[in-house]
Each structure stands twice: as structure tokens, then as C-alpha cells.
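Inspection log for the structure reproduced underneath, given as C-alpha cells.
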Amino acid sequence: MTPDRRLHATRMYGRAADAFDAVAWKPPEARRFSAVTANDGHPSPSILDELRALPRWVVIASGGAFSAFLGMMMGAAFRL
């Protein structure tokens, strides 16, 4: 470290750090962040459990909407 840089570091940071010195750097504290997760301690259900919990009318209605969409796309394709 040049004497000029050492003087600059002493003025800016209160001490001069050599290139081979271990510098203790601590990240700034995040005041608005909580490290605890929102669902801590509660396991999330699997996708199959979520699908089994759906009412049967949702499955039938979504299947009908999907088949109507596929029919519309096939009809548009055949029209060309």
C-alpha cells in the first residue's frame, strides 16, 4: 500500500488496512427482514394432495373447458 493510499484510508476509515491484513467485514443489518419463514414448522402438502382436495365439479368443468378449447383450435386449423 502506498503512503498516499495509507493516509487516505486513515482519513476515511480511521485506520489503514494493509493488503495482507484480514479485514473484518460485517454485512449491514437488514432491519425490515425477518429470517423466520412464514410457514415455519408447517409442512406444505404435496401436489397430489392438493389435487385430491379439489371438488369433483372443478375437475369436470376444467376438463370440459379444455376440450372445448381444443375443439375450437382444431376447427380453426381445419378451416384453413
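Worth knowing before you read on, the calculation uses all heavy atoms, side chains too, and leaves out hydrogens, waters and symmetry mates.
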Between side-chain atoms of residues 72-80 and protein atoms elsewhere (two or more places apart, or another chain), which donor-acceptor pairs fall under 3.5 Å?
none

Would you list the atom pairs, donor with acceptor, under 3.5 Å between side chains in residues 52-62 and any protein atom, with sequence neighbours excluded?
residue, atom, partner, partner atom, Å
Arg52, NH1, Asp49, OD1, 3.3
Ser62, OG, Val58, O, 2.9
Ser62, OG, Val59, O, 3.1

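Grouping Ile, Leu, Val, Met, Phe, Trp and Tyr residues whose side-chain heavy atoms lie under 4.5 Å apart, directly or via other members, leaves Leu48 alone, with no other cluster members.
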